[in-house]
Amino acid sequence: MWRAAGRGTLVSVNEQVQATEWLTIPDLVEQLGLGVSRVRRLIEDRHLAAKRIDGVLKVPALFLRDGEPLGELHGTLIVLADNGFDDDEAVDWLLADEESLGTAPIEALRAGRKAEVRRVAQALA
């Protein structure tokens, strides 16, 4: 899958996904200090998003801050799901450069640009 990355360049979403640090469920259990079922509930309830990579469910490390799920992520994941994105598509969109934001949506969320990210996500429908 290819996406326009501004100034006429194309960037492979797969390249961006491969460059990301990923956490498995056991990694999350350790980092969050929660049980496996609670970690899975965070994913089901869209406090975190995960995708299967080589058959293993993984969450981008960028989705955590200070040992907790990034608070701004929850509402954004709900907006994406409401617009028909499955978990893989939501993770890919959050990690890929978004021309209208000038950066990847996850980076914009981490920088405090929650409202702007959600407006762009709503426009994707």
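As the structure is a computational prediction, the values presented were derived from the model and not from experiment.
Using a 4.5 Å cut-off between side-chain heavy atoms of Ile, Leu, Val, Met, Phe, Trp and Tyr, with links allowed through other members, Val56 and Val91 fall into different hydrophobic clusters. In this structure, Leu73 is not a member of the same hydrophobic cluster as Val79, with clusters built from ILVMFWY side-chain heavy atoms closer than 4.5 Å.
Judged by distance alone, the side chain of Gln122 and the main-chain N or O of Arg119 form no donor-acceptor pair under 3.5 Å. Looking at Arg46, its side chain never comes within 3.5 Å of a backbone N or O of Gly75 through a donor-acceptor pair.
Ring geometry, His47 versus His74: the interplanar angle falls under 30°, so the pair is classed parallel (tilted spans 30 to 60°).
Atom CG in Leu42 sits 10.0 Å away from atom OG in Ser37 (nearest 0.5 Å). Note that CZ of Arg118 is 8.0 Å distant from CD1 of Ile78, once rounded to the nearest 0.5 Å. Taking OG1 of Thr24 as the start and CH2 of Trp22 as the end, the distance is 12.0 Å to the nearest 0.5 Å.
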*Are Gln31 and Glu68 close enough, and set up right, to give a side chain to side chain contact (heavy atoms under 4.5 Å, CB included), and what steps lead you there?*
CA-CA 8 Å; Gln31 286 197 18; Glu68 294 184 6; over 6 Å; no
*asked:* Leu80 vs Leu94, test: side chain to side chain contact (heavy atoms under 4.5 Å, CB included). Steps then yes/no.
replied: CA-CA 10 Å; Leu80 290 169; Leu94 286 161; 4.3 Å; yes
*Might you work through the side chain to side chain contact (heavy atoms under 4.5 Å, CB included) test for Leu28 and Leu64, ending with a clear yes or no?*
CA-CA 9 Å; Leu28 290 165; Leu64 300 180; 3.8 Å; yes
*asked:* As a quick check of understanding, evaluate side chain to side chain contact (heavy atoms under 4.5 Å, CB included) for Leu57 and Arg40, giving each step before the final call.
replied: CA-CA 10 Å; Leu57 197 60; Arg40 289 188 182 279; 3.9 Å; yes
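Looking only at side-chain heavy atoms (C-beta outward), Thr76 and Pro105 stay at 4.5 Å or farther from each other. A 4.5 Å side-chain heavy-atom check between Leu23 and Phe63 finds every atom pair outside the cut-off. Under the 4.5 Å side-chain criterion, counting only non-hydrogen atoms from C-beta, Ile25 is in contact with Ile43. A 4.5 Å side-chain heavy-atom check between Lys58 and Asp27 finds every atom pair outside the cut-off.
Gly67 and Leu32 get closest at one heavy-atom pair: O-CD2, 3.1 Å. What you find for Leu95 and Ala104 is that their closest heavy atoms are O-CB, 3.4 Å. Closest approach of Val117 and Ala108 over heavy atoms only: CG2-CB, 3.5 Å. Contact record, Ala90 with Phe85: N-CD2, 3.8 Å, taken as the closest heavy-atom pair.
Applying the salt bridge (charged side-chain N to carboxylate O under 4.0 Å, His left out) criterion to Arg113, with sequence neighbours excluded, gives Glu116.
Each of Asp87, Asp88, Asp92 was compared with Lys51 under the side chain to side chain donor-acceptor pair (under 3.5 Å) criterion, and only Asp92 meets it.
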